[in-house]
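See below for the structure under consideration.
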Amino acid sequence: MTSPHRLRPLSIGLCAAALLLGTAGATEAAGAATAPAPAAGSVGSLRATVPMAAAPYEYLGWGKPQQPTEVMAATGTKWFTLAFILSDGGCNPKWDGSRALTGGSDAAAIKAIRAKGGDVVVSAGGWSGAKLGEKCGSAAALAGAYQKVIDAYGLKALDIDIENTEFTNATVRKRVIDALKIVKTKNPAIITYVTMGTTPNGPDANGKDLIKKGAAAGLDNDGWTVMPFDFGGHSGTMGQATVSALDGLKSAVKSAYGYGDADAYRHIGVSSMNGKTDDADETVTLADFGTILGYAQRHHIARFAFWSVNRDRQCGSGDDGDSCSGVSQAPYAYTKIVVKYAG
């Protein structure tokens, strides 16, 4: 299996208030070090029940993508997280770095989803390609690039899938946080997610630093989301490893923001991977998804997504892991579990 994004070269990176106008104008450093963390019980803590709490990823530029409206009819899902917005070589957002935001197949797909009563979270980033966080030279410029995406579709939610060198560079991590703070200020109702890799015990040092930077900036991020796979070694089932990673994430968010337990859970999320992952010792089963769903329902976490709808089917002749799960399954079996989550 090969693909252009994600924690490993094999799989693709994972993983906006309506029509608010304007472009970002603050400087990159403004407010980041002195702003207070959002108080427990703030607006962000009440957003776990938003309808996009269950929004699986679909990548329309990879992996034999299904028509989203067909997925909706087959599974009952209403929301998708569409991937990926990248840099076109400068500080300008395009689908996969090449397809225009408007007038093309991506905009047509979003229109079709909405015509059937659904909607989308748009995801920027992933493992491969040119990242806006690196190509935009300041937080203000990066916020302006994010704003172009928000305005193009009147988004209610935005996901920043921060991976690879965008994730490991401390300067870029801070730029992403400061840009999201600008976006939240200009779009008060927008839902934001930050999605990153994890160890079986929770975020690594870079992930913890990212969360701490968010707290220091006063960023009321709705869902700090981990991708619990490609661990490079784990014990127990993938469901158990996911629970352990989420517990570690909750502790990191609670510590950084000063939340109580309930608010901390409401500010974390999970984006799993269905079936075979990039690691030979990892298979995320339907039972594992059931474990994740149970955790999400007990703790009312912000988000339950997975990579990806493209892979949510059994492999046929000539298929590879970009377009199927690698396990025996009925079509959309994983999506049908995720759609049960209501926040």
Side-chain angles (χ1 to χ4, degrees), residues 13 15-38 42-44 84-98 100-102 121-126 129-196 206-207 209-224 256-257:
C15 278
L19 298 176
L20 293 174
L21 302 178
T23 57
T27 62
E28 181 167 359
T34 59
S42 64
V43 172
F84 279 110
I85 295 292
L86 293 169
S87 158
D88 67 351
C91 188
N92 191 53
K94 289 188 176 180
W95 291 102
D96 282 338
S98 61
L101 297 181
T102 58
V121 182
V122 170
S123 182
K131 311 299 175 51
L132 289 167
E134 294 175 296
K135 293 294 185 179
C136 297
S138 69
L142 180 57
Y146 293 157
Q147 192 69 46
K148 288 179 182 178
V149 182
I150 295 167
D151 291 343
Y153 307 116
L155 290 180
K156 298 179 179 70
L158 178 70
D159 172 48
I160 307 302
D161 183 349
I162 183 168
E163 303 188 48
N164 204 347
T165 52
E166 194 177 33
F167 182 62
T168 58
N169 185 309
T171 299
V172 176
R173 288 198 299 272
K174 185 176 187 300
R175 184 180 300 151
V176 169
I177 292 298
D178 291 349
L180 284 176
K181 181 66 184 296
I182 295 169
V183 166
K184 294 284 269 188
T185 299
K186 293 185 69 66
N187 306 268
I190 198 168
I191 303 297
T192 57
Y193 303 122
V194 176
T195 303
M196 58 187 155
N206 290 328
D209 177 72
L210 187 71
I211 295 167
K212 289 177 181 177
K213 281 179 166 55
L219 174 64
D220 188 12
N221 184 47
D222 298 278
W224 297 97
Y257 278 86

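When a residue number appears, it is its place in the shown sequence, counting from 1. Values below: all heavy atoms of this structure, side chains included; hydrogens, waters and symmetry mates excluded.
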Lys131 vs Leu86, test: side chain to side chain contact (heavy atoms under 4.5 Å, CB included). Steps then yes/no. CA-CA 5 Å; Lys131 311 299 175 51; Leu86 293 169; 3.8 Å; yes
Worked verdict on Asp222 versus Lys184 for side chain to side chain contact (heavy atoms under 4.5 Å, CB included): CA-CA 10 Å; Asp222 298 278; Lys184 294 284 269 188; 2.6 Å; yes
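- At least one side-chain heavy atom of Leu101 sits less than 4.5 Å from a side-chain heavy atom of Ile85.
- Salt-bridge check for Lys186 with Asp151: failed, with every basic side-chain N at 4.0 Å or more from each acidic carboxylate O.
- Listed here is the closest heavy atom pair of Met196 and Gly207: SD-CA, 3.7 Å.
- Remark: Lys148 NZ is packed, more than 12 non-hydrogen atoms of other residues, nucleotides or ligands lying under 6.0 Å away.
- With respect to Asp178, the side chain to side chain donor-acceptor pair (under 3.5 Å) criterion is satisfied by exactly one of Lys181, Lys174, Arg175: Lys174.
- Counting all heavy atoms, side chain and backbone alike, Leu132 lies closest to Gly90 at CD2-O, 4.3 Å.
- Side-chain contact between Tyr146 and Val176: present, with at least one pair of heavy atoms (C-beta onward) separated by less than 4.5 Å.
- Taking every heavy atom of both residues into account, Val149 and Pro93 meet most closely at CG2-CB, 3.7 Å.
- Side-chain atoms of Thr192 and Asn221 form a donor-acceptor pair, as typed in the model, at a separation below 3.5 Å.
- Listed here is the closest heavy atom pair of Val122 and Leu158: O-CD1, 3.5 Å.
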